[in-house]
Visitor: 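Mind looking over this structure? Questions follow.
Computed from heavy atoms alone, side chains included, the values below leave out hydrogens, waters and symmetry copies. The chain is numbered in sequence order, starting from 1.
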Amino acid sequence: MNALSLPQFRVFTGEQIDAAIGAGRRAVLDTVEAAYRAHHDGQTVNPESQFLRFPDGQRNRIISLPAHIRDANGEGATGIKWISSFPENIERGMPRASAVLILNDVETGYPMACMEASIISAARTSASAISALRCLAADARAATTTPLRPLRVAFVGAGVIARHVAECLPLAMLPIDEVTVHDLNPDYAMSLARRIGMRLGYEVRTEASLERTIRASDVVVFATTASSPYLDNPDWFSHCPIVLHLSLRDLAPAIVLESYNVVDDIDHCLRAMTSLHLTEVETGHRRFVTTSLPHLLCGGEPPARDRPIVFSPFGLGILDIAVGRWIYEQLAAQQAPVPRFFYDMQRA
């Protein structure tokens with residue numbers, strides 16, 4: 001094997017990832033939507049995520065998400081994300097989640113890159129949310145030739161995911177009148193509200209009452225660290241909002257059953273004690289799931305607007321791999337490989 005054919009391994013820092021994503025949010029959204037379409041067309045391999053849990057820390061977990069995807073041009077991407085969620089990090093003044101992503105060469109299987117991936121994870125989650133919002137609001141845009149009434153958007157939870165979703169709101173191309181932020185910690189709510197006001201120019205306020213936050217909003221984004229449902233009153237959602245249920249475990253089955261439910265993948269979402277999983281356990285069926293985002297992106301009809309619409313994305317590994325591959329294509333030429341990372345390369 002000559003030196004030119006040796007596998008190369010590159011490492012990309014969070015600073016590099018953040019700069020690439022910040023400059024290319026539209027491209028990230030396009031990448032995520034293309035990955036969903038590939039999934040709908042059967043061009044992905046996305047095994048169940050595996051959860052590592054700890055007997056002395058029940059809320060803590062580390063999750064592995066391996067995946068392979070082949071895009072419309074026949075190009076493949078393969079890898080795995082390893083992401084931890086330690087909610088007590090918030091009390092330490094640190095983000096709850098940390099992650100790395102490994103990309104593998106599709107021909108040799110050799111690892112080709114390691115990336116800081118908490119930013120990738122937040123970016124693909126926010127792109128998923130914006131894609132769903134665009135699809136679910138599409139019927140309202142198509143049904144009228146007059147300008148839409150500006151939307152009132154609420155964030156429940158004011159952490160990293162909420163921040164990324166807020167910064168992507170302009171990509172939804174919807175009129176937004178006011179943004180409300182609710183968090184159990186008023187300082188976190190105020191910090192996100194200030195950031196939204198300064199960076200995006202929306203009218204923004206904080207709200208201490210969760211009920212008032214939900215009832216006064218057309219779009220509700222749940223981005224909390226909840227490990228079990230704490231909302232069980234369907235009447236709070238009687239005005240039929242679009243609910244981007246990114247944290248997956250906020251809503252009791254009573255609310256799920258009164259809503260149209262949109263998932264990213266039904267088999268992935270109905271596990272790990274998510275709100276939808278608990279609803280399946282309670283009812284013994286899955287008929288409450290209405291459609292999926294990949295189906296909508298491939299021309300499926302969105303649900304009617306006579307009930308709340310809840311989008312619950314479990315988070316597919318193919319999205320991380322697709323975004324990671326996009327980042328690699330942006331940065332690899334500028335990043336020297338790690339010298340002699342693969343050392344003993346003699347077969348015999």
Visitor: Kindly write out the residues that satisfy side chain to side chain donor-acceptor pair (under 3.5 Å) with S121, not counting sequence neighbours, or none if the list is empty.
Guide: K81
Visitor: Would you check, one step at a time, whether the test side-chain contact (heavy atoms from CB on, under 4.5 Å) holds for D250 with V156?
Guide: CA-CA 10 Å; D250 303 86; V156 179; 5.5 Å; no
Visitor: How far apart are the closest heavy atoms of V263 and P294, and which atoms are they?
Guide: O-CD, 4.2 Å
Visitor: So does D267 pair up with R271, basic N to acidic O under 4.0 Å?
Guide: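 The answer is no: the pair does not qualify as a salt bridge.
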Visitor: Between Q16 and E116, is any side-chain donor less than 3.5 angstrom from a side-chain acceptor?
Guide: no
Visitor: I'd like to know whether F222 forms a side-chain contact (heavy atoms from CB on, under 4.5 Å) with I161, so could you lay out the CA-CA distance, the side-chain angles of the two residues, the decisive distance to 0.1 Å, and finally the verdict.
Guide: CA-CA 9 Å; F222 283 96; I161 297 297; over 6 Å; no
Visitor: So, for L270 and V289, which heavy atoms are closest and what is the spacing to 0.1 Å?
Guide: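 Minimum heavy-atom separation between L270 and V289: CD1-CG2, 4.2 Å.
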Visitor: Distance check, rounded to the nearest 0.5 Å: L316 atom CG versus D265 atom CG?
Guide: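 Here the interatomic distance stands at 5.5 Å.
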Visitor: Can you list, pair by pair, the side-chain donor-acceptor contacts under 3.5 Å of residues 92-114, counting residues two or more places apart and other chains?
Guide:
{"from": "R92", "atom 1": "NH1", "to": "N89", "atom 2": "OD1", "distance (Å)": "2.6"}
{"from": "R96", "atom 1": "NH1", "to": "S85", "atom 2": "OG", "distance (Å)": "2.9"}
{"from": "S98", "atom 1": "OG", "to": "S84", "atom 2": "OG", "distance (Å)": "2.7"}
{"from": "N104", "atom 1": "ND2", "to": "G109", "atom 2": "O", "distance (Å)": "2.9"}
{"from": "D105", "atom 1": "OD1", "to": "E107", "atom 2": "N", "distance (Å)": "2.8"}
{"from": "D105", "atom 1": "OD1", "to": "T108", "atom 2": "N", "distance (Å)": "2.9"}
{"from": "D105", "atom 1": "OD1", "to": "T108", "atom 2": "OG1", "distance (Å)": "3.4"}
{"from": "T108", "atom 1": "OG1", "to": "Y110", "atom 2": "N", "distance (Å)": "3.1"}

Visitor: So if you build clusters from Ile, Leu, Val, Met, Phe, Trp, Tyr with side-chain heavy-atom gaps below 4.5 Å, do I255 and I309 land together?
Guide: no
Visitor: Quick one: do E178 and R152 make a salt bridge, cutoff under 4.0 Å?
Guide: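 No.
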Visitor: Can you tell whether the side chains of R287 and E280 come within less than 4.0 Å, N to carboxylate O?
Guide: no
Visitor: Would you check, one step at a time, whether the test side-chain contact (heavy atoms from CB on, under 4.5 Å) holds for V262 with L136?
Guide: CA-CA 9 Å; V262 181; L136 297 173; 4.1 Å; yes
Visitor: Out of I242, V179, D218, which one pairs with L151 under the side-chain contact (heavy atoms from CB on, under 4.5 Å) rule?
Guide: D218
Visitor: Looking at Q330, is its backbone amide N or carbonyl O close enough to the side chain of Q334 to form a donor-acceptor pair, meaning the two atoms are under 3.5 Å apart?
Guide: yes
Visitor: Linking I/L/V/M/F/W/Y whenever any side-chain heavy atoms sit under 4.5 Å apart, do V243 and L133 land together?
Guide: no
Visitor: What residues form a side chain to side chain donor-acceptor pair (under 3.5 Å) with D56, not counting sequence neighbours?
Guide: none
Visitor: Taking transitive links into account, so neighbours of neighbours count too, which hydrophobic residues share a cluster with I83 at under 4.5 Å side-chain distance?
Guide: F51, I63, L65, L248, F314
Visitor: Can you measure from CG (N261) to OG1 (T279) and round to the nearest 0.5 angstrom?
Guide: 7.5 Å
Visitor: Which pair of heavy atoms, one from S247 and one from A223, lies closest together, and at what distance?
Guide: OG-N, 3.6 Å
Visitor: M273: which other cluster members, linking ILVMFWY side chains closer than 4.5 Å, directly or transitively?
Guide: L278
Visitor: Side-chain heavy atoms nearer than 4.5 Å, only ILVMFWY residues, links allowed to pass through others: does that put V45 and I80 together?
Guide: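 Different clusters: V45 never reaches I80 through Ile, Leu, Val, Met, Phe, Trp or Tyr contacts under 4.5 Å.
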Visitor: Indicate whether any N or O donor in one side chain lies under 3.5 Å from an N or O acceptor in the other, for S128 and Y36.
Guide: yes
Visitor: Under the ring pair (Phe, Tyr, Trp, His ring centres under 6.0 Å) rule, collect the residues that match up with F9, sequence neighbours excluded.
Guide: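 F9: ring pair (Phe, Tyr, Trp, His ring centres under 6.0 Å) contacts with F341.
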Visitor: Roughly how far, to the nearest 0.5 Å, is the CG atom of D264 from the SG atom of C269?
Guide: 6.0 Å
Visitor: To the nearest 0.5 Å, what is the distance between NE2 on H68 and CD on Q43?
Guide: 8.5 Å
Visitor: By the salt bridge (Lys or Arg N to Asp or Glu O under 4.0 Å) test, which pairs, at least two apart or in different chains, include something from residues 62-76?
Guide: none
Visitor: Do the side-chain N and O atoms of H39 and N46 include a donor-acceptor pair separated by under 3.5 angstrom?
Guide: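 Judged by distance alone, the side chains do not pair up.
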Visitor: To the nearest 0.5 Å, what is the distance between CG (L246) and OG1 (T224)?
Guide: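 OG1 of T224 is found 9.5 Å from CG of L246.
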Visitor: Can you name the closest pair of heavy atoms from P313 and H245 and give their distance?
Guide: CD-O, 3.7 Å
Visitor: Ring pair (Phe, Tyr, Trp, His ring centres under 6.0 Å) with F54: which residues, sequence neighbours excluded?
Guide: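 F54 satisfies ring pair (Phe, Tyr, Trp, His ring centres under 6.0 Å) with F86 only.
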Visitor: My understanding is that only residues two or more places apart in sequence, or in another chain, count here; which of them pass side chain to side chain donor-acceptor pair (under 3.5 Å) with Y328?
Guide: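 By the side chain to side chain donor-acceptor pair (under 3.5 Å) rule, Y328 matches R10.
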Visitor: Let me check something: do L244 and L29 share a hydrophobic cluster, defined by ILVMFWY side-chain heavy atoms less than 4.5 Å apart, either directly or through other members?
Guide: yes
Visitor: Applying the side-chain contact (heavy atoms from CB on, under 4.5 Å) criterion to S131, which one of D30, V32, L296, L297 satisfies it?
Guide: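 Single side-chain contact (heavy atoms from CB on, under 4.5 Å) partner of S131 among D30, V32, L296, L297: L297.
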Visitor: Write down the atom of L192, the atom of G157, and the distance for their closest heavy-atom approach.
Guide: CD2-O, 4.4 Å
Visitor: For a side-chain contact (heavy atoms from CB on, under 4.5 Å) check, start with the C-alpha distance between T13 and M115, then their side-chain angles and the critical distance, and finish with the verdict.
Guide: CA-CA 6 Å; T13 67; M115 304 178 178; over 6 Å; no
Visitor: Heavy-atom distance under 4.5 Å between the side chains of Y260 and V310, does that happen here?
Guide: no
Visitor: Is a donor from one side chain sitting under 3.5 angstrom from an acceptor on the other, for E211 and T213?
Guide: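 No.
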Visitor: List the residues meeting salt bridge (charged side-chain N to carboxylate O under 4.0 Å, His left out) with E203, not counting sequence neighbours, and say none if there are none.
Guide: none
Visitor: I'd like to know if W236 and V181 are part of one continuous hydrophobic network [Ile/Leu/Val/Met/Phe/Trp/Tyr, side-chain heavy atoms within less than 4.5 Å].
Guide: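 V181 and W236: separate clusters.
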Visitor: Between H239 and P241, is there a side-chain heavy-atom distance shorter than 4.5 Å?
Guide: yes
Visitor: Under the criterion salt bridge (Lys or Arg N to Asp or Glu O under 4.0 Å), I'd like the reasoning laid out for R149 against D177: C-alpha separation, chi angles, the key distance, then a yes or no.
Guide: CA-CA 8 Å; R149 177 180 63 80; D177 179 41; over 6 Å; no
Visitor: Determine whether L276 and R286 make a side-chain contact, defined as any pair of heavy atoms from C-beta on separated by less than 4.5 Å.
Guide: no
Visitor: Distance-only criterion, 3.5 Å: show the donor-acceptor pairs between side-chain atoms of residues 182-189 and protein atoms not counting sequence neighbours.
Guide:
{"from": "H182", "atom 1": "ND1", "to": "E207", "atom 2": "O", "distance (Å)": "3.0"}
{"from": "H182", "atom 1": "ND1", "to": "A208", "atom 2": "O", "distance (Å)": "3.4"}
{"from": "D183", "atom 1": "OD1", "to": "N185", "atom 2": "N", "distance (Å)": "2.8"}
{"from": "D183", "atom 1": "OD2", "to": "A158", "atom 2": "N", "distance (Å)": "2.8"}
{"from": "N185", "atom 1": "OD1", "to": "D187", "atom 2": "N", "distance (Å)": "2.8"}
{"from": "N185", "atom 1": "OD1", "to": "Y188", "atom 2": "N", "distance (Å)": "3.4"}
{"from": "Y188", "atom 1": "OH", "to": "I90", "atom 2": "O", "distance (Å)": "3.4"}

Visitor: Is there a side-chain contact between L210 and Y230, using heavy atoms and a 4.5 Å cut-off?
Guide: yes
Visitor: Roughly how far, to the nearest 0.5 Å, is the CD1 atom of I196 from the OG1 atom of T180?
Guide: 9.5 Å
Visitor: Can you name the nearest heavy-atom pair linking L200 to P170, along with the distance?
Guide: CD2-CG, 4.0 Å
Visitor: Taking side chain as C-beta onward, heavy atoms only, is I327 less than 4.5 Å from I17?
Guide: yes
Visitor: Go through the structure and list residues passing side chain to side chain donor-acceptor pair (under 3.5 Å) with E167, not counting sequence neighbours.
Guide: R25, R195, R199
